[in-house]
Amino acid sequence: KSYQHTTDFRLNELLIQKSPYFTATGDMPTYQIRAPTTALPQGVVMQLAEEATRKRELRLMKTGKACRECRRKKKEYVKCLENRVAVLENQNKTLIEELKALKDLYCHKAE
DNA sequence: TGAAGTTCTCGTCATGATGT
DNA sequence: ACATCATGACGAGAACTTCA
């Protein structure tokens with residue numbers, strides 16, 4: 001199922017963004033109603049647009065929050081992997097040294 | 001020192017997965 | 001069937017680096 005079949009998409013279709021960026025004064029983006037092509041009464045169109053705007057803002061807020069959380073988890077995961085790499089590198093180093101020592105010991109015994 | 005290039009951060013969109 | 005969530009992809013702007 002594609003995004004274009006969702007309710008959100010259909011509601012968004014009612015809107016066009018006046019400015020893609022937040023206004024200099026406030027934090028809210030501004031929208032306007034797409035030129036009405038249907039025979040719907042103006043009041044209904046307004047209501048639909050308000051509903052669409054509200055839903056859109058809510059969805060964007062939720063997505064933004066989810067995204068921040070997702071990035072935080074990803075960072076944490078990467079940090080864990082990096083720690084693990086460091087631990088394994090240390091272990092590897094220790095084992096190499098141990099092997100070297102055992103080899104030396106073995107050589108001296110053989111003499 | 002400032003223009004150009006690079007990296008980082010954030011918001012948004014699109015989509016698959018999962019829940020109801 | 002539809003809603004919701006998690007996350008990859010993308011673009012824009014900020015912050016940082018490099019170099020003439």
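Note on naming: letters A, B, ... go to the chains in the order of the sequence lines (proteins, then strands), and numbering restarts at 1 for each one. What you see is a predicted model, and the numbers here were worked out from it, not measured in a lab.
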Rounded to whole angstroms, how far apart are [atom1] on [X] and [atom2] on [N]?
X       : N      : atom1 : atom2 : result
A:Arg56 : B:dA14 : CZ    : P     : 10 Å
A:Leu58 : C:dA3  : CG    : P     : 13 Å
A:Lys65 : C:dA6  : NZ    : C1'   : 14 Å
A:Arg59 : B:dG11 : CZ    : P     : 15 Å
A:Leu60 : B:dC13 : CG    : C1'   : 9 Å

* **Pairs flagged by salt bridge (charged side-chain N to carboxylate O under 4.0 Å, His left out) wherever residues 61-76 of chain A is involved - sequence neighbours left out** => A:Glu69-A:Arg72, A:Arg72-A:Glu76
* Spacing of A:Arg59 atom CZ and A:Thr63 atom OG1 [to the nearest 0.5 Å] -> 6.0 Å
* Members of residues 67-74 of chain A that approach DNA chain C, where some heavy atom sits under 4.0 Å away -> A:Cys67, A:Cys70, A:Arg71, A:Lys73, A:Lys74
Got a list of side-chain donor-acceptor pairs under 3.5 Å for residues 82-110 of chain A, not counting sequence neighbours?
from, atom 1, to, atom 2, distance (Å)
A:Thr94, OG1, A:Asn90, O, 2.9
A:His108, ND1, A:Asp104, O, 3.0

